[in-house]
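Report on one structure; see the data block that follows.
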Amino acid sequence: MRGFFTSYKGVNQRFEQSIEWNRINGYYEIDLPQSTYSIYAMGDSHIGGVENLDKIFKNARNENAAAVVMVGDLTTGHKEDYDLFSDHLPLKDSLMYFAMVGNHDLYFDGWKSFYSIFGSSTYYFVVNTSDSRDLHICLDTGDATLGEKQFDWFKKLLETKRKSYRHCFVFTHNNLFRLRPTSSTNPIVEEIHILLDLFLKHNVSIVVTGHDHKRNTAILGKTTHIIMDALQDINDRASYLKISINGINVDYSFEEL
Amino acid sequence: MSKLKYLLTIFIVLISVTGIRAQIILKSYFDIGENNASEGVFVKSVYRVNYQYLKFNIETGMQFNLISNNPNTITGLDILGSTDFLVRKFPLSAKGYFMLNRFSDLMYETNWGVGIETRKFEHFLFELGTNFKTYRFNSGAINKYNISKDKSKLRENFNLRYVISAYLKPHYNDWNLGLSCTNVDYYVINQSTNPVFNFQTTFKIKSNLTVYLDLWYKQAGMLNINAYYFGYFFRGGVIWKI
């Protein structure tokens, strides 16, 4: 019941811890010898079951994905779920992965477990190909808001860095739009307004989210908004997202499990 | 904008041709507050005209930006019409509305919808309805960013809108305190899963003049069961029956 009124550690506090983690550990750069690559994305695994989780990591490794991005609700927030999740993570030498929190990950004071396994939930990573560089931004919307501090960081990041990169992708847990009748909560509309403005001004290619558990896509301006299916084992239509980058072309597909 | 001019013309004509049984109400208020997306304090003012004739009611308003991160001066326009009726002695009011929110110099949002309201119970107000939201780029943005027409808007259909209000005193009392849970305001309609709370105080200074002060509090993620502060604002205004 507590969650109806407040969170254990709010997004501003998590953001500060994330930025501190980034300061110590830096931002990842993935160097690729070729010009094409793929990013696998998934969300809402809600561990419990790990069958689909193992499959996405296996497929990503077999198909030489540049990275797997996990957009939150990876667990139910319990420490034992985090421990189970951690046991199934690949070695970063074999497959790079990035994660951010969803609301379920934060239940039962789950941020402590998330932070101990993944560290930051607000950061960016860069993919350097043989002919260009792409910017991938990961945001924490576990509380259904970026919060004032993360908002400021995101705006400054786009203003200062975006122009140096070819494509820009944004990954976060909360879907922005209500594209079907659903009880999942979106950010408050004043926040959506500012985000839409930023996405247009800074030519964000794709915004990848989860949270709603059922895939949906919408294009607004230059930005494709993708809501992914839940990866959790009990979902009959579980899938993950494969984003393929080939020069200036960006394509995506839902890969069913 | 041409549609709006047309509606305003009808409104003025209606005022002119109807007789002494009509009632005109002027409303004005200021919003002062801040939120996670506002980059500091915002101040907005709104001016509204309400025209009542028998069981029919038409109202229109305009929102002006005084201080905010929105570059537009006029940030909101709306018009709503309603009519009162009885269903087996149960008083109801049916309404339809259109709202424009100019939230940036590149984009705007429109909402239209219908709803039903009742003040049957002296200490309560209930409203239920649906709205259709569209995010759009304006023509300047379409040209500047070379956006194709089919990618220039995004719709959200059949969003639930609701107002649940409880009052200390009956609706007709000279002063009152109230508490509301809603996802709608004049120029902002949130998704149904984002309830906003407001505490209301009203005081009738004269028979035709009422002042009020509201405090609105917004919490993000309440129905995610992981809520966090989003923002607040104060609203102070007057209602003048001419």
Side-chain angles (χ1 to χ4, degrees), chain A residues 1-8 10-12 77 101-107 110 141-152 155 173-174 176-198 200-201 203 211 218-225, chain B residues 34-40 42 68-71 101-109 111 133 135-137 141-142 144-148 150-160 183 185 187-196 218-231:
Chain A
M1 284 301 290
R2 163 187 173 151
F4 276 109
F5 306 103
T6 185
S7 56
Y8 284 89
V11 65
N12 277 346
V101 286
N103 51 308
H104 280 265
D105 297 317
L106 296 168
Y107 298 163
T141 49
D143 294 350
T145 177
L146 291 179
E148 197 178 10
K149 292 177 181 177
Q150 187 177 208
F151 227 126
D152 192 45
K155 271 186 258 187
H173 180 65
N174 237 207
L176 300 187
F177 301 118
R178 189 182 181 81
L179 299 173
R180 69 182 184 102
T182 172
S183 58
S184 64
T185 300
N186 309 82
I188 284 184
V189 73
E190 290 101 314
E191 183 158 328
I192 294 172
H193 289 164
I194 302 293
L195 288 172
L196 295 181
D197 210 45
L198 288 171
L200 178 66
K201 281 178 180 162
N203 194 19
H211 187 56
I219 301 176
L220 186 60
K222 303 288 186 187
T223 307
T224 301
H225 296 264
Chain B
E34 61 98 30
N35 61 50
N36 288 345
S38 67
E39 296 176 296
F42 64 82
S68 84
N69 56 355
N70 186 334
N101 182 330
R102 300 173 72 226
F103 62 81
S104 103
D105 53 348
L106 301 171
M107 299 184 71
Y108 61 93
E109 175 194 329
N111 283 276
K133 184 191 291 285
Y135 298 104
R136 292 174 199 264
F137 295 108
I142 288 169
K144 183 177 177 183
Y145 294 96
N146 194 25
I147 297 165
S148 61
D150 61 321
K151 294 172 183 170
S152 67
K153 63 187 171 195
L154 191 151
R155 287 204 173 94
E156 292 180 349
N157 296 326
F158 293 107
N159 188 36
L160 176 73
N183 66 332
D185 193 3
Y187 303 102
V188 173
I189 301 179
N190 267 299
Q191 283 126 342
S192 56
T193 46
N194 277 319
V196 174
K218 299 188 179 187
Q219 190 88 334
M222 282 191 72
L223 296 188
N224 276 351
I225 323 178
N226 198 62
Y228 190 72
Y229 164 81
F230 180 76

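Quick caveat: nothing in here was measured; it's all calculated off a predicted structure. Letters A, B, ... mirror the listed sequences (proteins, then strands); counts begin at 1.
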Taking ring-ring contact (aromatic ring centres under 6.0 Å, His included) as the definition, give me every residue that meets it alongside Phe158(B), ordered by chain and number, with sequence neighbours left out.
Phe132(B)
Please test Ile192(A) against Phe103(B) for side chain to side chain contact (heavy atoms under 4.5 Å, CB included), starting from the C-alpha separation and ending with a verdict.
CA-CA 10 Å; Ile192(A) 294 172; Phe103(B) 62 81; over 6 Å; no
Judged by atom type as modelled, is there a donor-acceptor pair below 3.5 Å linking the side chain of Asn226(B) to the main-chain atoms of Gly142(A)?
yes
Using modelled atom types only, decide if a donor and an acceptor are shared between the side chain of Asn194(B) and the backbone of Asn186(A) within a distance under 3.5 Å.
yes
For the CG atom of Leu200(A) and the CZ atom of Phe137(B), what is their distance to the nearest 0.5 Å?
4.5 Å
Is it the side chain or the backbone of Lys201(A) that comes within 4.5 Å of chain B heavy atoms, both, or neither?
both
Given 3.5 Å as the limit, does a donor-acceptor pair link the side chain of Lys151(B) with the main chain of Thr224(A), or not?
no
Using modelled atom types and a 3.5 Å cut-off, is there a donor and acceptor pairing between side-chain atoms of Lys133(B) and backbone atoms of Arg178(A)?
no
Could you tell me if the side chain of Ile225(B) sits less than 4.5 Å from the side chain of Thr185(A), heavy atoms only?
no
Which portion of Asn69(B) sits near chain A, non-hydrogen atoms under 4.5 angstrom
side chain
For Asn183(B), is it the side chain, the backbone, both, or neither that has a heavy atom closer than 4.5 Å to a heavy atom of chain A?
neither
Between Asn12(A) and Tyr229(B), is there a side-chain heavy-atom distance shorter than 4.5 Å?
no
N/O donor-acceptor pair under 3.5 Å between Asn103(A) side chain and Asn224(B) backbone
yes
With sequence neighbours excluded, residues passing side-chain hydrogen bond (donor to acceptor under 3.5 Å, both in side chains) with Thr182(A)
Ser184(A), Asp212(A)
Between Phe177(A) and chain B, with a heavy-atom cut-off of 4.5 Å, which part of the residue counts as in contact: side chain, backbone, both or neither?
both
To the nearest 0.5 Å, atom CG of Leu220(A) lies from atom NZ of Lys153(B) at 11.5 Å
Ile189(B) versus chain A, the contacting section by heavy-atom distance below 4.5 Å
backbone
For the pair Asn190(B) (side chain) and Val189(A) (backbone), establish whether a donor and an acceptor sit closer than 3.5 Å, ignoring hydrogens and angles.
yes
